[in-house]
Amino acid sequence: MACSSLVKLNVASSSWIAGQQSFNSRSGSAARFPNRRVTVIRAGSYTDELIKTAKSIASPGRGILAIDESNATCGKRLASIGLDNTETNRQAYRQLLLTTPGLGEYISGAILFEETLYQSTTDGKKFVDCLRDENIVPGIKVDKGLDGLASRSAEFYNQGARFAKWRTVVSIPCGPSALAVKEAAWGLARYAAISQDNGLVPIVEPEILLDGDHPIERTLEVAEKVWAEVFYYLAENNVTFEGILLKPSMVTPGAEHKEKASPDTIANYTLTMLRRRVPPAVPGIMFLSGGQSEVEATLNLNAMNQSPNPWHVSFSYARALQNTVLKTWQGRPENVEAAQKSLLVRAKANSSAQLGKYSAQGESEEAKKGMFVKGYTY
Ligand code: 13P
């Protein structure tokens, strides 16, 4: 990956500077005129609902199904089984996933791409209603930029979304520079505040990529730096911590490092980082899988739930929930039922891992295949 793409930012650099100025002038005027009403950054009218939504997503034995691939990335998934990237094929694939009977036992939220949020089944039932019937909260990927985010979020809320996701990528081999980390953190914090203003629980996702040959200690160092900045700016932006969810990468060695780490080591480093950086007010940590195999992602999550944590520690996997499903489906209507069963197998395995009760016995060879792709873009 070229180092110029070391941080994929969705915010113009100037907005960080502008944001700083507006904070400075606000606090300055409050100090000089103590009786004057300070501009409220967020009205907070949704606070109770946000806390309720976040709690319901972070409920025991459940996690998030991430199917928010952009049309281009969904095309890569479809191409892997020889299908064209048409709206009909994307709809058919999402219908398979979202109409899986009994999914709500293991899945509490589903992150959708905009196209999916507005789509229905071939029988005319809105996907959003399919989710609601299973007690699954619909979510929406919004990481297109801060311009117009407030009005887009309000529209998504009207369409039934109750949480949002914004992913910013951080690459270890390319730095990351202090400025890059600050910008990533600032963008995530602005997005979080805007989401909460519009009734959406923000998932805060600075994805520290697996790319690189660095040891696990280096990942820990970068993750601590990134999360420190993220929480600093979340607080500055008056974000309600009880109404957010996090989507971190697990702390692992770089994918090209000479030694692999065991689930216990990964759990130990990851929980160390989280305990040092994440306040217990945050209800849920929903990990991304980042190119780990389905079984690896589940084993690592299981290792993190061997003793109680201050937050719900769970999953928000895309690749690690979809791989076997796609391979089973192959785009054939006669395979839909089997593919839905394979989704339930993975969802159930991760549900058990959330409860610390997973065993990898009997897992298929397909589920053990790593999915890391160097320089992967979503
Ligand atoms: P993966 O589990 O494939 O890394 O998904 C990351 C993501 O952000 C999807 O919403």
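Just follow the structure's listing: the first ligand is 1, and inside any ligand the first atom is 1. Everything numeric here is computed off the predicted structure, so don't read it as measured data.
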Exercise for review: Just jot down the salt bridge (Lys or Arg N to Asp or Glu O under 4.0 Å) partners of E155, sequence neighbours excluded, or say none.
Suggested key: none
Check your understanding: G290 near ligand 1, heavy-atom distance under 4.0 Å?
Key -> yes
Study note, to complete from the structure: Taking every heavy atom of V251 against every heavy atom of A223, the minimum-distance pair comes out as CG2-CB, 4.3 Å
Exercise for review: Heavy-atom distances under 4.0 Å are what count here, so tell me which part of R167 touches ligand 1: side chain, backbone, both or neither.
Suggested key: side chain
Revision key, fill the gap. A student checking ligand 1 against R319 at a 4.0 Å heavy-atom cut-off should list atoms 1 (P), 2 (O), 3 (O), 4 (O)
Check your understanding: Under a 4.0 Å heavy-atom limit, does E205 contact ligand 1 with its side chain, its backbone, both, or neither?
Key -> side chain
Exercise for review: State the atoms of ligand 1, each with its element, that fall below the 4.0 Å cut-off from a heavy-atom position in S289.
Suggested key: 1 (P), 2 (O), 3 (O), 4 (O)
Practice item. Could you list the atoms of ligand 1 found under 4.0 angstrom from a heavy atom of A318? Key: 1 (P), 2 (O), 3 (O), 5 (O), 9 (C)
Exercise for review: Starting from the C-alpha separation in whole Å, work towards a yes-or-no answer on side-chain hydrogen bond (donor to acceptor under 3.5 Å, both in side chains) for E256 and H214.
Suggested key: CA-CA 8 Å; E256 289 135 302; H214 49 274; over 6 Å; no
**Study point:** For D68, atoms of ligand 1 separated by under 4.0 Å from a heavy atom
**Key:** 9 (C), 10 (O)
Check your understanding: Which atoms of ligand 1 have any heavy atom of K165 under 4.0 Å away?
Key -> 7 (C), 8 (O), 9 (C), 10 (O)
**Study point:** Heavy-atom nearest option to atom 9 (C) of ligand 1, drawn from E69, E207, K247, Q322
**Key:** K247
Review point. So F231 and F241, would you call those rings parallel, tilted or perpendicular, with 30° and 60° as cut-offs?
Key: perpendicular
Check your understanding: Can a donor-acceptor pair be found between the side chains of S316 and K247 at a distance below 3.5 Å?
Key -> yes
Exercise for review: Scan V230, I285, N309 and name whichever one has a side-chain contact (heavy atoms from CB on, under 4.5 Å) with V278.
Suggested key: I285
Practice item. Could you tell me which atoms of ligand 1, counted from 1 in the order shown, lie closer than 4.0 angstrom to a heavy atom of Y317? Key: 2 (O)
Exercise for review: Give the atoms of ligand 1, by number and element, whose distance to some non-hydrogen atom of A66 is under 4.0 Å.
Suggested key: 9 (C), 10 (O)
Revision key, fill the gap. At under 4.0 Å between heavy atoms, what of K141 touches ligand 1? The answer is neither
Revision key, fill the gap. Residues at least two apart in sequence or cross-chain that pass salt bridge (Lys or Arg N to Asp or Glu O under 4.0 Å) with E49, listed by chain then number, are R162
Practice item. Consider only side-chain heavy atoms of I, L, V, M, F, W and Y, link residues closer than 4.5 Å, and tell whether I136 and V345 are in one cluster. Key: no
